[in-house]
Amino acid sequence: MKYNEYKNLNYAKVGEDVLEFWKRNNIFERSVATREGNTPFVFYEGPPSANGTPGIHHVMARAVKDIFCRYKTLKGFHVNRKGGWDTHGLPVELQVEKELGITKEDIGKKITVEEYNQRCRETVMRFKNQWDTLTEQMGYWVDLNNPYITFEREYIESCWALLKKLYDKGYLYKGYTIQPYSPAAGTGLSSHELNQPGCYKMVKDTTIVAQFAVKRITRNMFLFEREDEQVYILAWTTTPWTLPGNTALAVGKNIKYVKVQTYNQYTYEPISVILAKDLVSRYFNPKAADIELADYNSGDKLIPYKIVEEFDGSDLAGVEYHQLMPYVQPDKPAFRVIIGDYVTTEDGTGIVHISPTFGADDFRVAAQNDIPALLITDENGKQVPIVDRQGRFVREITDFAGMYVKNYAKEDESSPEYRPTDVKIAIKLKEEGKAFKVEKYEHTYPHCWRTDMPVLYYPLDSWFIKTTAVKDRLIELNKTINWKPESTGIGRFGNWLENLVDWNLSRSRYWGTPLPIWRTEDGEEEICIGSVVELTSEIDRAVKAGVMEQFIEVPDLHRPYVDNIVLVSKSGKPMYRETDLIDVWFDSGAMPYAQWHYPFENKEIFEQNFPADFIAEGVDQTRGWFFTLHALAVMLEDSVAFKNVIANGLVLDKDGNKMSKRLGNAIDPFEMIGTYGPDAVRWYMIANAPPWDNLKFNPEGVVETQRRFFGTLQNTYSFFALYANLDNFTYQEEDVPMLHRTESDRWIISKLNTLVGIVDANYEDYDPTRAARAIQDFVVDDLSNWYVRLNRKRFWKGEYNIDKIAAYQTLYTCLETIAKIASPIAPFYMEQLYRDLNSVSNKHKEESVHLAYYPEVEKADIDKDLEERMDLAQTISSLVHSLRKKQMIKVRQPLQRILIPVLNDKMKHQIAAVADLIMSEVNVKTIEYIDDTSGILVKKIKPNFKKLGQVFGPKMKLVATAVQQMNQNDIAHLEREGGFEIMLSDDETAVLTPDDVEISSEDIPGWLVASEGRLTVALDITITEELKQEGIARDLVNRIQNLRKDSNLEVQDKIHIFMQRAAEEVNQAVVNYSAYICAETQALTLDIVEELPNSTILDIDDYTVLINIQTDVKSAV
RNA sequence: GGGCUUGUAGCUCAGGUGGUUAGAGCGCUACACUGAUAAUGUAGAGGUCCGUGGUUCGAGUCCACGCAGGCCCA
């Protein structure tokens, strides 16, 4: 059995071959099955939607998921991964509408709801094949055979069961939200409809800056200076018709406000007004600033003003004022100043008038501050706003009752009698002294695309889940979730929970999970259906009661089928389904339950798989999937839904721009994988930036990863395989005890074990990037560039002895361990590596690395001293190399010795232990150590700032100066006595200990030195005759090796060398080093001849040498 | 506008709890090596650590205010 050897490994082909192997041998299924009965590691798949093609960012997101599932499998956990598909929602609907060339209006007219939904069902899985292919090719292991699909009957039934549970707990209620509404068309508009071109138009509206009179109560007295002072808060509105609905005023927390004394320009009354400081100049003419308030005469054009006080927005919060237009009274305390997060000083007065029924922001801040909306009770006893659905003021608004708030009656606006309602309101406020300023203002305003009439923001019926009822629990449990990165959990998600509003479930659409609530027309009675069985029996009742003509089986829980069902209430009235669909986020948030058709079946499976140990999705899901999972889990199970979560960032193009098909900068994942193979793509994405940072995806980076990491690893394996095959090393021998292995063997094994621990800790901490980087650094720097480089000869030279076996075993262990610990990130390549090794050695019974187990850290094999001295060896070698370089002495020229000043015994022993390595690496004969006793060391002293800073603090500078002024004698004194007194000032001294400073050797007089940190190395550059000859010998070896290579000789081929007599130094070198040359070049004989035809001319420094090598001695000469 | 996040060499990124010469890889330049060779090694050039203030004996690191990019929300 031989180790596979590859020429020009094709990484894409590795992917294909390994995939084939996995499929043939059911490796994925077995990686789950072989862990059956072990502790489960629960993973939830956030379902993608297959109505679009997958992009490169999906590779990123899924690589992250895959890594931890594979890792946990290696650690022995039982990791089920059920796939899933998200199938409902607006994107599908829009795509279908676009393809059919229809709009929402046409549904139910040009096309039946049934046909429409059928189209959606077909469209949503259109690219499923592409998704499946990508899943396979990128190596994302997830069960695609039994996925959950959100449009399936069982799935929807589970959603219904959950909704009913919420309903029974009192968490489901009908309320309203503020939505764009067209009174002329009598319908709500989606934001999508509003974004149709031409909907936003320039209009000229009457705007009012209204004066809200501050109440003269104790709470507000800080705003008043005099008994008779009238203090008003100014607020601007472009929709005066909303003023009767005012219940609050909003200020910005950090905005500066001022109180200004002035006069009302319509009534000439003296007033004090409050507005944002930055906007004073917009309402007051600076020319009037110098006029005394007392000099004002009624009717003067220039109105004097005086800024008398300044406040922060937060000071104003809580100030109460008198209702501006007291037609209707609220049912709770209102009319006070609140903080609004969206208030600016860009226009208006920096104070915003709040009318909760007519603005979405208004509604939200009012709800957050417990400010009621102004509602009246209609003839049905229903609470309704003060503007009806036709856009008219209700009866209660006496002065304006029945008037359209906008011109929905299509009156002739050019007629001299025509007065918009807004103007009438302005006139009334002017008369009452409540208008500070009225003017026309031109701005854009949305219009209904069908009627061309202005849209109102208006409360429309909506079903809600009362998430605010469990807000504290949501926050509390969120704190137990391990978020990566942490800031998403406490920041983005935490803030979202802090500012929670009830979850608006309603969607006025067709393709989605229907709301399972039936109501009587008066809304008095209702039922929430929680299962198909319940629905069937209710239908049965309805048929018996006669509200339905005949019994129908429910074939599909979608619209329109459920809409055709009429149920009967307790009192015998017909109940119709609330036509809303529910938010698709409910579908995905329900997946922990619905994927198992829980609670109808699989109770045990559900319980074993809840909550999830781990989920991962894009950070854009924070308020989507992450929230709905969390909210449902808290409300239904009083539990978190997931314990660990990675919120990954975006994948941008190499310039940091968002990828889009339109801009043409989108990267095709299939092309990437096809070109570079799945492993390099995955490794690049994971190693380049932490998943939660945005990734600037540059294909050149993939190339680099492939070359630098996979290339190096593959080179190392090839090197191993080449010689192991020659020596028939199959790891059949007993492990060579560590004691009998070389320093470098023990070093790399020590490093390897350290690595295994680091990588384990990083995976455990859900930080794949650090894991990948640690592996990469080990492979490139430690294993390849140091261990293999230093030990090459042990592999290809000499007989198959214990030292050679130790080398093979060591390198084998490193490669195999890397295969295991890197397999979660690069599952294909590492599989091949593992199998290439294991199929020869049969060390493991598992035929796949993904069935194997994560290696244990052999603590006994970790030797920190050894790692430290190898560091020393590397640094010393590097210093010597740099000295050689400066002197232009090539490494092949041996040198006699290097000198290393040692500061203590430990350092000396540490270096001595790796002296052989250093000597062979830098080609010198001996290392000499010099210490204090030599008397030639020049030492350098530097303060230990960290330590001294803590002691001396502000006097640090004095200490530092004193330390730097110490001479050689002082340093010696300090070292000898363990203390040294320094002068800080004339009358202040301090005693230093050796710990307070760092002492290093600086120079060796008369030598060529180089230093780094505390290490200094001196090189003896004398080249004796003997060294010179050895250098020539080594050069000859080198040239002969080249000749061997050029002649295409195999590594093990023996040769005969003939050299024509050359310069005397060369001849001498050949004679003296004949044995060495022969050994190195696998030569059986080396002869100097007088005449050598057919020879190769070699240039060695200044010499010319004629050489001929032959495998057959007879053909020579 | 708000919340979160990023900003360090031409590029991609490291830089626990503050410590005085800010690092790596790639790229660039020069040299070396040549039985791992479509490799490798050594050296060099390259930095207002986004800006401005502040805290401190000492700030890439802590604080404040900005600037620029990104995401989510409005």
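Reminder, nothing fancy here: chain letters follow the sequence lines and each chain counts from 1.
Between A:N688 atom CG and B:rC26 atom C1' the separation is 11 Å, expressed in whole Å. Regarding A:Y787, its OH atom lies at a distance of 20 Å from the C1' atom of B:rG41, rounded to whole Å. If you take CD of A:Q874 and C1' of B:rU42, they are 14 Å apart, rounded to a whole angstrom. As rounded to whole Å, 13 Å separates atom P of B:rA32 from atom CG of A:N1038. For A:L790 and B:rG41, the CG to P distance is 13 Å, given to the nearest whole Å. Atom CD in A:Q714 sits roughly 15 Å away from atom C1' in B:rU37 (whole-Å rounding). Following rounding to the nearest Å, A:L815 (CG) and B:rA36 (P) show an atom-to-atom distance of 16 Å. In this structure, A:K946 places its NZ atom 16 Å from P of B:rA59, rounding to the nearest Å.
Using a 4.0 Å heavy-atom criterion, one finds that A:K696 contacts the sugar-phosphate atoms exclusively. Residue contacts shown for A:G949 include a base, since a base heavy atom lies under 4.0 Å away. Among the atoms of the strands shown, only primed sugar atoms or phosphate atoms (P, OP1, OP2) are found under 4.0 Å from some heavy atom of A:R773.
Pairing for B:rG60 is absent, with no Watson-Crick or G-U wobble pair whose two atom distances lie under 3.5 Å. With a cut-off of 3.5 Å on both pairing distances, the Watson-Crick or G-U wobble partner of B:rC65 is B:rG51. The pairing partner recorded for B:rU42 is B:rA30, the criterion being a Watson-Crick or G-U wobble arrangement whose two distances lie under 3.5 angstrom. Base-pair partner of B:rC4: B:rG70 (Watson-Crick or G-U wobble, both distances under 3.5 Å). With a cut-off of 3.5 Å on both pairing distances, the Watson-Crick or G-U wobble partner of B:rG25 is B:rC11.
Comparing the C1' positions of B:rA64 and B:rA24 gives an interatomic distance of 33 Å, to the nearest angstrom. Of the P atoms belonging to B:rU61 and B:rC65, the separation is 16 Å, rounded to the nearest Å. With both ends at atom P, the span from B:rC49 to B:rG23 equals 14 Å, rounded to whole Å. With C1' as the reference atom, B:rG46 and B:rA22 are 14 Å apart, rounded to whole Å. The separation of B:rC11 from B:rG27, taken at their P atoms, amounts to 16 Å, rounded to a whole angstrom. Spacing of C1' atoms, B:rA45 relative to B:rG10, comes out at 12 Å, to the nearest Å. The same atom, C1', is picked in B:rA74 and in B:rG15; the two are 37 Å apart, to the nearest Å. B:rU5 and B:rA9 have their C1' atoms separated by 24 Å, given to the nearest Å.
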Where protein sits on nucleotides 69-74 of chain B, one letter per nucleotide: B base, S sugar-phosphate only, - none, heavy atoms under 4.0 Å: -SBSSS

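Closest approach to the A:N495 side chain among B:rG25, B:rG15, B:rC4 is made by B:rC4 (side chain taken as heavy atoms from C-beta onward). The listed nucleotides are B:rC13, B:rA36, B:rG27; the one nearest the side chain of A:R707 is B:rG27. Nearest nucleotide to the A:N715 side chain, out of B:rU6, B:rU37, B:rU12: B:rU37. Here the nucleotide nearest the side chain of A:R770, chosen from B:rG27, B:rC13, B:rG15, is B:rG15.
Closest-nucleotide positions on RNA chain B for A:G491 and A:N944 were compared, and the one nearer the 5' end corresponds to A:G491. Residue-to-nucleotide proximity on RNA chain B shows that, of A:E704 and A:L695, the 5′-proximal contact is made by A:L695.
Judged by atom type and distance alone, A:T712 does not reach the base of B:rA36 through any side-chain donor-acceptor pair under 3.5 Å.
Across all their heavy atoms, A:N499 and A:Q368 have their closest contact at O-NE2, 3.5 Å. When all heavy atoms of A:W625 and A:G589 are compared, the pair lying nearest together is CD1-N, 4.0 Å.
The side-chain contact (heavy atoms from CB on, under 4.5 Å) test with A:W692 is passed by exactly one of A:V619, A:T488, A:I646, A:T769: A:I646. A ring pair (Phe, Tyr, Trp, His ring centres under 6.0 Å) with A:F795 is found for exactly one of A:Y723, A:F729, A:Y808, namely A:Y808.
Note: A:F493 and A:H630 meet the aromatic proximity criterion, with ring centroids under 6.0 Å apart.
Within 6.0 Å of atom CD in A:E700, 12 or fewer heavy atoms from other residues, nucleotides or ligands are found, so the atom counts as exposed in its surroundings.
For the pair A:R682 (side chain) and A:I825 (backbone), a donor-acceptor distance under 3.5 Å is present.
Residues A:Q706 and A:Y11 meet the side-chain proximity criterion, which asks for heavy atoms closer than 4.5 Å. Residues A:I1057 and A:I1040 are in side-chain contact: their nearest non-hydrogen atoms beyond the backbone lie under 4.5 Å apart. Side-chain contact between A:I490 and A:W483 is absent, with no heavy atoms from C-beta onward closer than 4.5 Å.
In terms of phosphate contacts, A:R708 brings no side-chain nitrogen or oxygen within less than 4.0 Å of OP1 or OP2 of B:rA38. Between A:R792 and the phosphate of B:rA36, there is a side-chain N or O to OP1/OP2 separation shorter than 4.0 Å. Checking the phosphate oxygens (OP1, OP2) of B:rU5, a side-chain nitrogen or oxygen of A:S487 falls inside 4.0 Å.
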